[in-house]
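For reference, the structure discussed in these notes is given below.
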Amino acid sequence: MKLIGKYLDGFISQQQIDKIKPKVIRAHAALLNGTGAGADYLGWVNLPKNYDKTEFARIKQLARKIQTDSDILIVIGVGGSYLGARAVIEALKTNLYNDLPKNTPNVYFAGNSLSSVDLSNLLKLCEGKDVSLNVVSKSGTTLEPAVAFRVLKQMMEQKYGVSQAAKRIYVTTDSKKGALKAISDKNGYETLVVPNNIGGRYSVLTAVGLLPIAVADVNISQLMAGAAKARTDMKLPDNPASRYAVYRNLLYNQGYITEILVNFEPSLAQFGQWFGQLFAESEGKDGKGLLPNDAIFTTDLHSIGQYLQDGKCKLFETVVRVKNSPVEILVPAVDDNLDGLNFLDNQPVAFLNDSARRGALRAHNEGGVPNIVLELPALDEFNLGYLIYFFEFACAISGYLLGVNPFDQPGVEAYKHNMYQLIHTPGHK
């Protein structure tokens with residue numbers, strides 16, 4: 001992966017980069033040595049090398065079982081318990097994964113809202129289909145997934161009977177404690193572990209994300225190999241993730257308040273959502289932090305493109321460029337040429353997409369919008385694993401530069417407390 005910073009000329013100087021360098025070195029050392037804030041949640045740092053190989057093999061085995069006996073896998077979870085898995089599946093299998101012909105189960109996600117309409121429609125999709133559930137929650141008491149699990153568990157037990165339904169329910173939770181662990185022990189569900197030293201938004205490369213990802217026939221060994229390569233690269237003091245964190249910090253200190261992650265592939269839309277959670281929950285505290293957002297170009301150039309070019313907010317863009325398209329579609333010629341596009345005869349659509357990227361980048365840059373470019377050779381398991389670890393590492397460094405703990409999320413608890421009061425939850429007054 002290449003980090004390209006030339007579109008920051010005029011926005012960031014080498015003098016500014018040199019001035020912050022000692023602070024970056026300290027942040028890098030604190031992260032690798034476990035001496036910074038949130039050190040109890042650094043299990044992800046060495047995960048690509050030190051992951052549990054026995055559990056990894058079992059994840060593959062369980063995925064094969066689900067592929068064999070199920071038409072549908074429903075992943076029940078909220079936040080980091082589902083965003084990473086969905087992002088990887090859609091990035092590598094396209095956002096049309098469930099609509100395409102294949103030999104693997106459709107993968108749907110529940111427990112990430114409290115919409116009765118959404119849950120009702122999911123139940124309808126299960127009619128006449130063989131279904132498995134993967135419930136992902138460290139505690140089992142978070143309201144959204146807990147309610148969804150109650151509803152879907154009832155559906156499963158009515159469909160298969162209690163004992164057979166239990167063989168189709170897979171739980172990813174704490175290894176020793178919590179309501180979901182107790183429910184699993186009581187009912188004999190197959191369980192996988194949510195590591196105690198890895199927070200939810202950093203957990204995509206654990207069993208939290210890997211089981212549904214493997215069910216979708218993604219090569220999780222290659223995904224981990226890409227992350228392992230990134231881990232090796234990020235151990236160097238001068239590494240692309242730290243440089244990216246520096247760029248973000250220097251722009252933030254100049255008054256830039258919003259970062260837009262720009263992708264040119266619709267299949268990366270959910271990756272933008274994962275990115276948003278990672279950075280928003282890690283940095284948005286103590287009255288600090290950039291607001292992360294995401295956009296899919298060229299689609300959003302026809303909606304928010306005007307604002308990105310000429311709007312009031314001080315923002316910058318981080319553009320993910322996939323250098324090589326896995327498929328080639330050529331623009332066909334037509335005899336009447338009424339649309340005037342015959343000059344594009346036999347041009348690859350991927351070439352047009354990249355031309356749009358370069359045109360938008362140039363226009364936005366000239367319009368006063370700084371751009372950072374991340375270039376992937378291809379959108380495959382190895383490179384996506386690399387990109388995931390890159391963003392995780394950059395987020396941690398960026399949080400330390402900002403002076404916050406990038407591994408807690410105290411603000412998330414405020415809405416929960418108020419909601420629990422409104423539904424008269426015992427103990428919440």
Side-chain angles (χ1 to χ4, degrees), residues 56 59-68 70-113 118 122 125-126 129 131-137 145 148 152 170 172 192 194 200-227 261 263-278 294 296 320 322 326-327 376 378-389 391-392:
F56 194 80
I59 289 170
K60 291 184 177 181
Q61 181 183 19
L62 295 176
R64 287 192 293 269
K65 177 182 180 295
I66 295 168
Q67 289 171 341
T68 300
S70 302
D71 303 306
I72 290 173
L73 172 67
I74 301 175
V75 181
I76 302 171
V78 69
S81 295
Y82 92 99
L83 280 169
R86 186 170 183 180
V88 171
I89 291 170
E90 293 197 9
L92 297 175
K93 298 295 181 177
T94 87
N95 51 318
L96 299 175
Y97 169 77
N98 286 334
D99 300 317
L100 292 171
K102 56 190 175 297
N103 296 318
T104 52
N106 285 355
V107 180
Y108 297 104
F109 296 88
N112 49 62
S113 77
D118 193 63
L122 185 57
L125 286 172
C126 294
K129 303 290 185 182
V131 182
S132 290
L133 305 182
N134 178 206
V135 193
V136 186
S137 175
L152 291 166
Y170 305 85
T172 310
L192 295 163
V194 177
R201 58 189 177 272
Y202 291 84
S203 68
V204 59
L205 298 177
T206 72
V208 169
L210 291 180
L211 179 60
I213 290 169
V215 169
D217 205 29
V218 171
N219 187 329
I220 60 174
S221 293
Q222 277 297 297
L223 197 69
M224 294 298 285
L261 183 73
N263 294 295
F264 281 77
E265 293 291 341
S267 63
L268 288 169
Q270 286 297 320
F271 190 84
Q273 294 291 300
W274 173 82
F275 166 90
Q277 189 215 9
L278 177 68
D294 63 281
I296 297 293
V320 176
V322 180
V327 295
L376 297 181
L379 189 54
D380 56 21
E381 286 93 339
F382 184 90
N383 285 290
L384 189 62
Y386 192 105
L387 187 64
I388 287 168
Y389 190 91
F391 276 129
E392 290 177 344

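Gln277 approaches Gly80 most closely through the heavy-atom pair NE2-N, 3.1 Å. Nearest approach of Asp294 to Ala269, heavy atoms of both residues: OD2-O, 4.0 Å. In terms of heavy-atom proximity, Ala85 sits nearest to Gly209 at CB-O, 3.9 Å. Annotation for Gly77 and Tyr82: closest pair O-CD2, 3.5 Å, computed over non-hydrogen atoms. In this structure, Leu100 and Lys93 approach most closely via the heavy-atom pair CD1-O, 4.2 Å.
Atom CG of Leu268 is separated from atom CG of Asn95 by 9.0 Å, given to the nearest 0.5 angstrom. One distance of note links CD of Gln222 with CG of Leu92; it measures 11.0 Å at 0.5 Å rounding. Taken to the nearest 0.5 Å, the CG atom of Leu122 stands 6.0 Å off from the CG atom of Leu152. Distance check: Asn112 CG to Ile76 CD1 gives 10.5 Å after rounding to the nearest 0.5 Å. Taking CE from Met224 and OH from Tyr389, the interatomic distance works out to 10.5 Å, rounded to the nearest 0.5 Å. Put simply, CG on Leu192 and CG on Asn134 are 7.5 Å apart, with the number rounded to the nearest 0.5 Å.
Summarising the local packing, NZ of Lys129 is surrounded by 12 or fewer heavy atoms from other residues, nucleotides or ligands at distances under 6.0 Å.
Using a 4.5 Å heavy-atom threshold, the side chains of Pro266 and Glu90 count as separate. Using a 4.5 Å heavy-atom cutoff, the side chains of Tyr108 and Cys126 are not in contact. Side-chain contact check for Tyr97 versus Ile89: some heavy-atom pair is nearer than 4.5 Å. Side-chain contact between Pro105 and Val215 is present, with heavy atoms from C-beta onward closer than 4.5 Å. By the 4.5 Å heavy-atom criterion applied to side chains, Tyr170 and Ile59 are not counted as neighbours. Considering only heavy atoms from C-beta on, Ser203 stays 4.5 Å or farther from Val194 through its side chain.
Although no hydrogens or angles enter the test, the distance criterion places no donor-acceptor pair under 3.5 Å between the side chain of Asp71 and the main chain of Val131. A donor-acceptor pair is defined here as one N or O able to donate and one able to accept, closer than 3.5 Å; no such pair exists between the side chain of Asn263 and the backbone of Glu265. Counting only distance, with no hydrogens or angles, the side chain of Lys65 and the backbone of Ala63 share no donor-acceptor pair below 3.5 Å.
In this structure Phe264 satisfies the ring pair (Phe, Tyr, Trp, His ring centres under 6.0 Å) test together with Phe297, sequence neighbours excluded. Not counting sequence neighbours, the partners of Tyr202 by the ring pair (Phe, Tyr, Trp, His ring centres under 6.0 Å) test are Trp44, Phe407.
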Please test Leu211 against Leu62 for side chain to side chain contact (heavy atoms under 4.5 Å, CB included), starting from the C-alpha separation and ending with a verdict.
CA-CA 8 Å; Leu211 179 60; Leu62 295 176; 4.0 Å; yes

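Partner Phe271 forms a side-chain contact (heavy atoms from CB on, under 4.5 Å) with one of Val320, Leu379, Leu83, Leu387 and no other, that one being Leu387. When Ile66, Leu73, Ile74 are each tested for a side-chain contact (heavy atoms from CB on, under 4.5 Å) with Leu133, only one passes: Ile74. A side-chain contact (heavy atoms from CB on, under 4.5 Å) with Val204 holds for exactly one of Leu278, Ile213, Leu210; it is Ile213.
Ring geometry for Phe391 versus Phe275: interplanar angle over 60°, hence perpendicular rather than tilted (30 to 60°).
Among residue pairs with one or both ends in residues 378-388, those qualifying as side-chain hydrogen bond (donor to acceptor under 3.5 Å, both in side chains) are Asp233-Tyr386, Asp380-Asn383; sequence neighbours excluded.
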